[in-house]
Amino acid sequence: MRHDHVSISRLFAILVPGGLLALLSSTVTGVALPHILADLGDDIASGQWITTAYLLAAGLAIPVASWAGTRFGLRSTWLTAMLLFALGALAGLFARDIWSLTAARALQGFGGGALEPLMVTTLAAATPPERMGRTMGAMAVVMEIGPLLGPTLGGAAVDVAGWRSIYVGFALASAVMLTAGAFVLRRGERHAAPLDGIGLAIVSMALIAGLWGLARAATPAGFDMPTLAALIFAGAAFLGFVQHSRRLGARSILNLETFARPGFTVGIAIMALLGATIFPLFFSLPQFYQGVCRLSPLAAGMLMIPYGVGTLATMPLMGHLSDRVATQRIVGSGAALSLLAFTALFLAGSTLSVAGLGVLSLVTGIGLGAIASPTVSAVYRVLPPALTASGSTILFIVLQLGGAFGVALLVLLIGHGAWTAAVGTWPFLLPIATALVIAIMSVRLPSTNAMMLTVQDARPS
């Protein structure tokens, strides 16, 4: 169902801040981990479960949110997800040991993991194809702020009031969002959608095993037998789900007919590659600046600002432009810029001045921003409303798996340690390869006019 501009703005004002809360929650705790371990008296091995539990629960929530949004409507599903997020924050506030905090983070992760796909699905379904780039570009800007602000806000909260203040903030913000959502969100359409319990179980096990295996691969354990067993199980489970879904068709928890839409598969593949590039950058670039370029922690952190500025400035502009200009040109240009920046870092990164590194950081942000929002807009333009929820589920699954794979591969290139001068610039071969492949694949994206005609033809008259 398409909405007018006013109703889209109302949805945006509620759903996007909710998604931003979920993103903040996924990154804000990392900086507080040493303080949490010191207070609760445990080691780093146990503490890693605080982050891993959130990641796994959020992955499990993705397919559940897709079905629940259809079965119970947006309002009921979103309010339930926000309530779970709030309860997780309250449980984290009163946690007395690592394992109670881990359980709280899992509850919070399940709620937060549902908020993001609900946000994207609803806004994509509400927006007409000719405005898709503007909506997705504006949403991408707000969502990009989460990973950038999370560590900063977390560090400030810990310094001022201790690590529990983080959960106080999430609980208060959740209460505000619950109240606003109860008044603003309308009771949407509900459809008789029987739960594909078998499909949900298979895809959930596959996703959890895959994420756990990739997360373990990024630790000193590396690709040991448990890691390989988890990844093999995940691959086999995904293959099993494909067979199951083919039998059920549209009744499956994940409708594989979505991949038949022209341009959808290539758009999803580009987003998976982008996830394998962006997520490692947040973790690795500050290490490169310090370990290889010999900069201070403050300078390393400051050099991430041009990247954020470039991304935040480019996403809405390129999203808006993609409503009128061929998506292939925009995405191809963004990939070329990214390829140029990563190649320069590979060839001369350790010898560049701070100003030179800042310029490359800016160019990287501009290039990746020019890939992201037009590609997401392209993905949703080719989907009729009946397949929007399935498309969102697929998008978030590949983003999570792509990001986890990218981090694991980068850690493997670095050597399960700090990125030091001995490692050099070789890890930049990973984003160079992904940027090159994205540039090649971008020519397969359908034109904006073709996408609109495809979707309009698929709508009932």
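Computed over heavy atoms, backbone and side chain alike; hydrogens, waters and symmetry mates excluded. It should be emphasised that the depicted structure is a prediction, and the values quoted were computed from it without experimental measurement.
In summary, the side chains of Arg105 and Ser25 do present a donor paired with an acceptor at a separation below 3.5 Å, with no hydrogens or angles considered. Side chains of Ser322 and Thr327: no donor on one and acceptor on the other come within 3.5 Å. Between the side chains of Thr277 and Thr434, a donor-acceptor pair is found at a separation under 3.5 Å. Ser392 and Tyr380 form a side-chain donor-acceptor contact under 3.5 Å, judged by distance and modelled atom types alone.
Residues satisfying the ring-ring contact (aromatic ring centres under 6.0 Å, His included) test with Phe170, not counting sequence neighbours, are Phe85. Residues passing the ring-ring contact (aromatic ring centres under 6.0 Å, His included) test with Phe396: none are found, sequence neighbours excluded. With sequence neighbours excluded, no residue forms a ring-ring contact (aromatic ring centres under 6.0 Å, His included) with Phe94. Considering only residues two or more places apart in sequence or on other chains, Ala299 meets the side chain to side chain contact (heavy atoms under 4.5 Å, CB included) condition with Leu295, Ser296. For the salt bridge (charged side-chain N to carboxylate O under 4.0 Å, His left out) test, no residue two or more places apart in sequence or in another chain qualifies with Arg329. Here Asp39 pairs with Arg164 under the salt bridge (charged side-chain N to carboxylate O under 4.0 Å, His left out) rule; sequence neighbours left out.
Considering all non-hydrogen atoms of both residues, Ala209 and Phe233 come closest at CB-CD2, 3.6 Å.
Taking 4.5 Å as the limit, some side-chain heavy atom of Pro63 sits within range of a side-chain heavy atom of Ser204.
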